[in-house]
Amino acid sequence: MDGADTLLTTAEVAVALAGFSGVVVVLGRPSLSDWTPVDVLRLQVLLGVSLGAVILALLPLAFHHVGLTHALVIGLSSSLMGGYILIAGVLFQRSIRGLSPESRQSVSGGLTGVLSAIWLLVFVVIVLNAIGIVFQHEFGVYFFSLLWFLVVAAVQFARIMLVRFRVRE
């Protein structure tokens with residue numbers, strides 16, 4: 001499959017990001033009970049997008065190895081990515097609504113709005129790729145959408161490190 005090495009590398013980076021985040025969390029704080037609900041939400045997003053990236057990077061390889069055509073591999077993988085983004089978005093919105101008004105205000109800043117707008121764009125693009133409108137089951141579209149997962153994970157990691165651990169100094 002064209003792009004197999006790229007997908008495997010993406011999966012490795014996502015696993016490394018999730019694993020390193022776990023190490024930092026365990027070593028950085030004595031207990032998760034010391035974390036604010038916003039910090040916990042950021043950690044959940046980080047792990048959700050990292051592990052989602054791992055699964056979504058490996059799915060096309062699995063589909064390829066069972067003999068599906070390239071167009072079907074990318075179309076099916078794009079469909080599943082679209083479903084993942086939709087479900088994760090709904091869960092994220094529910095989590096935000098469960099926060100206190102003060103916590104909700106700190107999550108609803110400009111960066112969250114920008115990230116949400118880009119998520120919406122990625123969702124639309126990946127759905128178009130899945131159904132073959134505008135994009136014809138293109139690997140590049142799938143890959144760049146997958147990279148967005150890693151960008152969001154890195155942003156969440158940075159926010160945890162810069163916001164949470166700055167308080168300790």
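These figures come from a predicted structure and were not determined experimentally.
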[X] with [Y], same ILVMFWY side-chain cluster at under 4.5 Å:
X    : Y    : answer
I87  : I55  : no
V66  : F139 : yes
L51  : L147 : no
L86  : L56  : yes
L121 : V141 : yes

Look at the aromatic rings of F149 and Y84 and report parallel, tilted or perpendicular, splitting at 30° and 60°.
->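 If you compare the ring of F149 with that of Y84, the planes turn out tilted.
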
Is any side-chain heavy atom of [X] closer than 4.5 Å to a side-chain heavy atom of [Y]?
X    : Y    : result
L115 : Q156 : yes
L146 : M81  : yes
L41  : I96  : yes
R42  : D39  : yes
I126 : Y142 : yes
V125 : V127 : no
V49  : W119 : yes

Sub-3.5 Å donor-acceptor pair from the side chain of Q136 to the main-chain atoms of G132, do we have one?
->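 Indeed, once roles are kept as given, a pair shorter than 3.5 Å links the two residues.
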
Suppose we screen for side-chain contact (heavy atoms from CB on, under 4.5 Å). Which residues come up paired with [X], at least two apart in sequence or across chains?
X    : value
L58  : L8, A11, V54, L61
V151 : W148, V155
A71  : T69, H137

Of all heavy-atom pairs between A153 and S50, which one has the smallest distance, and what is that distance?
->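 Closest approach of A153 to S50, heavy atoms only: CB-OG, 3.4 Å.
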
I would like to know whether R159 and L111 meet side chain to side chain contact (heavy atoms under 4.5 Å, CB included); could you show each step before the answer?
-> CA-CA 10 Å; R159 290 175 89 182; L111 182 59; 3.7 Å; yes

Just verifying a value: how many Å separate [X] [atom1] and [Y] [atom2], rounded to the nearest 0.5 Å?
X    : Y   : atom1 : atom2 : value
S78  : I85 : OG    : CD1   : 9.5 Å
L68  : F63 : CG    : CZ    : 7.0 Å
S116 : F92 : OG    : CZ    : 5.5 Å
L7   : L59 : CG    : CG    : 10.0 Å
L46  : Q44 : CG    : CD    : 11.0 Å

Return yes if a side-chain donor-acceptor contact under 3.5 Å exists between S100 and S103, otherwise no.
->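 Per modelled atom types, S100 and S103 side chains form a pair under 3.5 Å.
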
Test E138 against N129 for side chain to side chain contact (heavy atoms under 4.5 Å, CB included), laying out the working first.
-> CA-CA 7 Å; E138 296 175 25; N129 198 43; 3.9 Å; yes

